[in-house]
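Down below is the structure, laid out as structure tokens.
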Number of protein chains: 4
Amino acid sequence: MNARSTTLVADTGRRNEAAILNAALEAFGTKGFNGASMRDVAKGAATSLSNLYNYFPSKSKLLAEALRHANAELQARVAGAVRDAGDDAPSRMREAVRAYVGFVVDHPVATLVATNEVRYLDPEDRAALVTDRDATQATFEHIVAQGAADGTFRTPYAADAARAILSTVGAIASWYRPDGRLSRGQLAEQHARYALALLESPLPQ
Amino acid sequence: MNARSTTLVADTGRRNEAAILNAALEAFGTKGFNGASMRDVAKGAATSLSNLYNYFPSKSKLLAEALRHANAELQARVAGAVRDAGDDAPSRMREAVRAYVGFVVDHPVATLVATNEVRYLDPEDRAALVTDRDATQATFEHIVAQGAADGTFRTPYAADAARAILSTVGAIASWYRPDGRLSRGQLAEQHARYALALLESPLPQ
Amino acid sequence: MNARSTTLVADTGRRNEAAILNAALEAFGTKGFNGASMRDVAKGAATSLSNLYNYFPSKSKLLAEALRHANAELQARVAGAVRDAGDDAPSRMREAVRAYVGFVVDHPVATLVATNEVRYLDPEDRAALVTDRDATQATFEHIVAQGAADGTFRTPYAADAARAILSTVGAIASWYRPDGRLSRGQLAEQHARYALALLESPLPQ
Amino acid sequence: MNARSTTLVADTGRRNEAAILNAALEAFGTKGFNGASMRDVAKGAATSLSNLYNYFPSKSKLLAEALRHANAELQARVAGAVRDAGDDAPSRMREAVRAYVGFVVDHPVATLVATNEVRYLDPEDRAALVTDRDATQATFEHIVAQGAADGTFRTPYAADAARAILSTVGAIASWYRPDGRLSRGQLAEQHARYALALLESPLPQ
DNA sequence: TATGAATGAGGATTCATTCAT
DNA sequence: CATGAATGAATCCTCATTCAT
């Protein structure tokens, strides 16, 4: 069962750190990195502006840290789902997509920040984050490669399929509303099927 | 053959208008709406900061106008492609996707702006733009509906398939490089197939 | 009979000059000299911004010219009233005040400009205007002196009484509304009596 | 004995607040609200431009606060003078006028700001200030009413007399110079007599 | 840790004025 | 005369960041 906490970052041991990180995700997600001010973040974290600098040395590093947490959570969910899945490529892809959809639905704002605001990081932080993200993507790519190798996924464009799948799932964050037509589970099911179909995998029925 | 002009907006009759709009797309795409300053735009358009305000009353309206042009061009390309395609749903979908990919590849920066910076518009401008965008999306939805009705597209999730396809194609803008592994044509071909596969349409071979 | 034109400056021979001057008085009166822009004036005069400079070399000179017209009209009214009055000081004071009140009521905005915005003139223009204004004030001072000399006005502070009277009358402009409790005539009558009382002149009844 | 401090606002507890308010009164009085820049105010208060915004959220609110202080001081002086005066209307009017003249002479710049720049306030602030000002005016009106009721003030226009008196006294601010012909006390005496005469009160001699 | 005060740089926007037509 | 386009200086205000406490 997936945890569905409203805030992404749990207590970190330092008094206000989690509150600041979550407020940063919220502020950057709502107004964009450049549109949100450190004052906005401070207000969201219910602390003072100057206190932010006791935790993070700059706005940019604050974004980096927030994104690190978001990525770690995403990666953990996906990795766990794959671990718990069967051995065949379709099952593993199915569960990976379902986990990813779950994360996006639980944390759409963080997902938006992770896709839209990465470019405002310092080069080194951006590089580190892209590496993290690539690790997640690699999980999907391995599954695709597995299915392509054993003939289950018959798409002639296996090399790029993972990226196509991930962009579709990530885009959910930009339109998803909790009270929308589709439930969390339906959305996961739907995107799992989209993914397998795109991979030209045999489908039930 | 599609024109591949580096600038999206052609001359509009007013002296500097096109230059300003193109500079705005470039600046907003490169640094984000809030990260780019009106000075950046002015510099890109080779005019003075204050002269921008002889053409557009505010930064936000400038963005709105630029996006209006981008959407119009996209819509025209897609509509033209569909018009020139065969009558069956797969042919039409194929050409629609190819045209969309062509636009994204020709104007990746404008595409990024159109997806990432819309939220900075005034509510009315945003609404107008969403309406425009929905019109383009509706073109795809109609094709999906056609194929679903005649049994060609067998996906059980036809209602949301157009959005999934469009998000994949739009995401190309965030990683495409003209000197990348795939040519423009290959990219179009690839995404056309991804789309038809996702729709569970019969595929060649 | 007093003319009660809504605009102070009548046609001057040059096409748009009067319209510009009246628009300037209106704009400067409503928003203040620094609060009103040349664009505001142009809009009010229904002409283009740049065309203003075909008539007046600068915003400051435009104000100077407008105030010159206002002062001339005021002075003409007061002088005429005094000329038409009887020979005794009370009658002359009474008519002078009534004429002044009439001007203020007919042109409250111009009166406000004349009292509040003079300081924004170039030194030479301001000096010229103060001279003009002193001429009007001198009319009142002469009457006061006449009454003081012949014993009709018994105030011990005759030297400053004219200024006191004029400031009261001028202040009408800041609260007068055409639909107010007092009619134009009642206001004139009232202030005439205030003036004579202040001068310690014998009053009817 | 009246204090004649050159600055109106005394220390308020917050480090620079009084200095900023006094600098604002000086700047707005000298150059007008729109003619004075926040930089001017900062310079006058010997602090940085941006620090002003740690004390007041906008130029307009700064003006509002400065005027609030000025009005409070004026009202306190007038109320105190009336309290210390005799019981009869002429004595009370005399002391009220003398106190008002004293304020105007001590703070001519603040008086000018209070009369000329009120219109640049936000509507709510303007309303609040007008209410404050009306309270001071009401003090005078009550005295007039008292004298009218007991037959001491025989003017037929008692209802508007307070306003006439106040406008005359307020106008002192626009021409008063400390080194002028009349001393502070003479000016007070003179205007007290003008006021009583205007009210058609019996006068000495 | 936590905060209020402080600041220099930079943001969008407006302005009076000029110029080419 | 009349105009639209152009511009440099100045406007109010916000920002990320620092510092003293």
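A, B, ... follow the sequence lines: proteins, then strands. Residue 1 opens every chain.
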### Query
Where each residue is assigned the nucleotide of DNA chain F containing its nearest heavy atom, which of D:Met38 and A:Asn34 is assigned the position nearer the 5′ end?
D:Met38

### Query
Is there a residue in residues 43-59 of chain C whose heavy atoms reach under 4.0 Å of DNA chain F, and which residues are they?
C:Thr47, C:Ser48, C:Ser50, C:Asn51, C:Asn54, C:Tyr55

### Task
May I ask you to evaluate whether D:Arg14 reaches the phosphate of E:dG4, defined as a side-chain N or O under 4.0 Å from OP1 or OP2?
no

## Note on the structure
Heavy atoms of B:Asn34 and B:Lys59 approach each other most closely as CA-NZ, 4.0 Å

### Task
Round to a whole Å and report the spacing from CZ of B:Arg39 to P of F:dG8.
11 Å

### Query
Separation of C:Lys31 atom NZ from E:dT14 atom P, in whole Å?
11 Å

### Task
Report the distance from atom CZ of A:Arg15 to atom C1' of E:dT3, rounded to the nearest whole Å.
14 Å

### Message
Does F:dA2 have OP1 or OP2 under 4.0 Å away from a side-chain N or O of C:Asn16?
### Response
yes

### Task
Indicate, with a heavy-atom threshold strictly under 4.0 Å, whether B:Ala42 touches base, sugar-phosphate, or nothing.
nothing

### Side-chain (B:Asp125) to main-chain (B:Leu121) donor-acceptor, under 3.5 angstrom
no

### Task
Examine distances only and state if a side-chain atom of A:Asn22 and a backbone atom of A:Ala18 form a donor-acceptor pair shorter than 3.5 Å.
yes

### Task
Give a yes or no on whether the backbone of C:Phe33 and the side-chain of C:Glu117 come within a donor-acceptor separation of less than 3.5 Å.
yes

### Message
I need the CD1-P distance between B:Ile20 and F:dA6, as an integer number of Å.
### Response
8 Å

### Task
Among C:Leu63, C:Thr7, C:Val9, find the one that has a side chain to side chain contact (heavy atoms under 4.5 Å, CB included) with C:Leu21.
C:Val9

### Query
Is there a donor-acceptor pair closer than 3.5 Å between any side-chain N or O of C:Tyr53 and the backbone N or O of C:Ser58?
no

### Message
Any carboxylate oxygen within less than 4.0 angstrom of a Lys/Arg side-chain nitrogen, looking at D:Arg68 and D:Asp132?
### Response
no

### Task
Check the distance between E:dA16's C1' and C:Tyr120's OH and give it to me in whole angstrom.
17 Å

### Query
Between the two ends of the helix from E:dA2-F:dT21 to E:dT21-F:dA2, what is the bend in degrees, rounded to 10 degrees, where each end axis spans five pairs?
10°

### Donor-acceptor contact present, side-chain A:Thr47 to main-chain A:Lys43, <3.5 Å
no

### Query
So does C:Arg14 have more than 12 non-hydrogen atoms from other groups sitting under 6.0 Å from CZ?
yes

